[in-house]
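Order of the sequence lines sets the chain letters (A, B, ...), proteins ahead of strands, with each chain counted from 1. Values reported hereafter were calculated over all heavy atoms of this structure, with side chains retained and with hydrogens, waters and symmetry mates removed.
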2 protein chains.
Amino acid sequence: MKALELQPNAILEQTAFKNSHLETAHLEPCESAHGAMCPAIQAIELLQEKWVLFIVRSLLEGAKGFNELRREVGGCNPSTLSERLDTLEKRGIITKTVCSTMPPRTSYQLTSAGVALQNVILEIDAWSRQHLKPAS
Amino acid sequence: MKALELQPNAILEQTAFKNSHLETAHLEPCESAHGAMCPAIQAIELLQEKWVLFIVRSLLEGAKGFNELRREVGGCNPSTLSERLDTLEKRGIITKTVCSTMPPRTSYQLTSAGVALQNVILEIDAWSRQHLKPAS
DNA sequence: AAAAGCAGTATACATTTCATAGCGATATTT
DNA sequence: AAATATCGCTATGAAATGTATACTGCTTTT
């Protein structure tokens, strides 16, 4: 819903370079529409949102409630967590189950698509041990 | 560290609120210091920064210059790209080679640690094809 | 009887990312 | 020959995103 309908190079073209038609020439299918149709780009955009990987990692241990999750991911603030959980649900990665409304009790758990993300996380984990050097 | 014993089936067995007795003060080693010592957390924090995965993905195709990279990742703004490249260099993921200062010519390329991230990206890619449903 | 926990929402502030202009020198286009 | 585009950034201010904190009404724990 934002300015994402712009083509990547439109940005560069807008910046005072009106005649830069040369720049626009080479665009891979994936990049051409900001990944609107490319699953890989969509996935990166999703997983790269703050807290998302931590949320998934935490839910791999089992279903959790809102505040429980909040603590275990490392202190995400409630507005952000709420928004992230919404989009994860829309994307079919988690399901939300309202066990009781008052007092409130909710449970979030991974779908099979969500569980499948374990491979990604294990890969990150393995990489981090072998190659990541600590921040200075 | 604990977060690595990920058990897919645990999900099925656990109902919500399994650890409610730990509400206030339970901090695992990993979480306790914001992941200061846990490689996995550090890695997620790094890879989750905006543009980082796109940068790595793009450099897997070969070394690139600043503006070239900027275009190919999908239009990252220069200040942000500059900052990301700095941290990626500090973390040992890319190397920066200044070929000429005036006129400027620089080349960014992955280190072996950077190339090793290909596994992560391939895993995301595979996952996205099989499980990610498009944003509504 | 008091305190703390549940799942969020609302508000106001802090941080991050953004678009854009600009640099001097060459390479390309007209 | 002259105008323009390009290189790799940095600087600026504005927009978008993330933050801490307070709050709700009801139950469980102390």
Side-chain angles (χ1 to χ4, degrees), chain A residues 1-4 6-26 34 45-46 48-52 54-55 63-89 94 96-109, chain B residues 15-26 34 45-46 48-52 54-55 63-87 89 94 96-109:
Chain A
M1 298 308 188
K2 336 163 200 177
L4 283 179
L6 291 172
Q7 293 218 321
N9 289 345
I11 292 157
L12 297 176
E13 289 179 279
Q14 285 170 353
T15 65
F17 303 122
K18 289 227 160 186
N19 301 332
S20 64
H21 23 304
L22 293 173
E23 281 192 285
T24 54
H26 48 34
H34 266 176
E45 274 170 0
L46 177 64
Q48 156 274 315
E49 291 197 306
K50 198 164 183 182
W51 301 110
V52 164
F54 287 123
I55 293 168
K64 297 192 175 148
F66 187 88
N67 286 329
E68 193 182 359
L69 205 41
R70 197 165 161 251
R71 267 175 261 118
E72 300 205 2
V73 297
C76 177
N77 107 310
S79 318
T80 306
L81 182 56
S82 186
E83 194 271 345
R84 287 305 108 96
L85 291 172
D86 278 358
T87 91
L88 286 175
E89 195 185 10
I94 65 175
K96 171 182 182 173
T97 309
V98 178
C99 310
S100 127
T101 48
M102 193 55 72
R105 258 335 113 122
T106 313
S107 170
Y108 295 94
Q109 72 184 290
Chain B
T15 56
F17 321 118
K18 56 160 188 177
N19 286 337
S20 305
H21 53 290
L22 296 176
E23 290 312 326
T24 9
H26 101 285
H34 291 120
E45 274 170 0
L46 178 64
Q48 156 276 317
E49 290 197 307
K50 198 165 182 181
W51 301 110
V52 163
F54 287 122
I55 292 168
K64 300 196 173 147
F66 187 88
N67 285 329
E68 193 182 358
L69 205 41
R70 193 164 163 248
R71 265 177 262 117
E72 300 206 3
V73 298
C76 177
N77 108 308
S79 318
T80 305
L81 181 57
S82 188
E83 194 271 346
R84 287 306 109 94
L85 291 172
D86 278 359
T87 92
E89 195 185 10
I94 64 174
K96 170 181 180 172
T97 309
V98 177
C99 308
S100 127
T101 48
M102 192 54 70
R105 255 338 113 121
T106 312
S107 170
Y108 295 93
Q109 72 186 292

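For A/T106, counting side-chain heavy atoms from C-beta on, the closest listed nucleotide (D/dC9, D/dC7, C/dG8) is C/dG8. Comparing D/dT19, D/dA11, C/dA7 by their nearest atom to the side chain of A/P104 picks out C/dA7. Closest to the side chain of B/K50, out of C/dC18, C/dG8, D/dC9, is C/dC18. Side chain of A/T80, nearest nucleotide from D/dG18, D/dC7, C/dA19: D/dG18.
Taking atom CG of A/N77 as the reference point, atom P of D/dT19 lies 5 Å away to the nearest angstrom. Across the protein-nucleic acid pair, B/L81 atom CG and C/dT17 atom P stand 12 Å apart, rounded to whole Å. One atom, CG of A/N67, and another, P of C/dG8, lie 9 Å apart when rounded to the nearest Å. Distance, B/E68 CD to D/dT6 C1': 12 Å, rounded to whole Å. What separates CE of B/M102 from C1' of C/dG22 is a distance of 12 Å, to the nearest Å. The nearest whole Å value for the distance from the CD atom in A/E49 to the P atom in C/dT17 is 13 Å. Distance B/R84 CZ to D/dG8 P: 19 Å, rounded to the nearest Å. B/I94 has its CD1 atom 13 Å from the P atom of D/dG8, to the nearest Å.
Comparing B/T101 and B/R105 by the nucleotide of DNA chain C whose heavy atom lies nearest to each, the residue mapping closer to the 5' end is B/T101. Between A/P103 and A/S82, the residue anchored closer to the 5' end of DNA chain C is A/P103, taking for each the nucleotide with the nearest heavy atom.
A/R84 and A/K50 make their closest contact through NH1-O, 3.1 Å (heavy atoms, listed as atom of the first residue, atom of the second, distance). Here the closest heavy-atom approach between residue B/Y108 and residue B/I94 is recorded as CD2-CD1, 4.0 Å. Of all heavy-atom pairs spanning B/V73 and B/W51, the tightest one is O-CZ3, 3.4 Å.
Put simply, A/Y108 has no side-chain N or O that comes within less than 4.0 Å of OP1 or OP2 on C/dC6. Within the structure, a side-chain polar atom (N or O) of A/W51 is placed less than 4.0 Å from OP1 or OP2 of D/dT19. A/R71 has a side-chain polar atom (N or O) that falls below the 4.0 Å cut-off from OP1 or OP2 of C/dC6.
Among the atoms of the strands shown, none is found under 4.0 Å from any heavy atom of B/K64. Using a 4.0 Å heavy-atom criterion, one finds that A/S79 contacts the bases of the nucleic acid, with or without backbone contacts as well.
Taken to the nearest 0.5 Å, the OG atom of B/S107 stands 8.5 Å off from the CD atom of B/E68. How far CD of A/E83 is from CG of A/L88: 9.0 Å, rounded to the nearest 0.5 Å.
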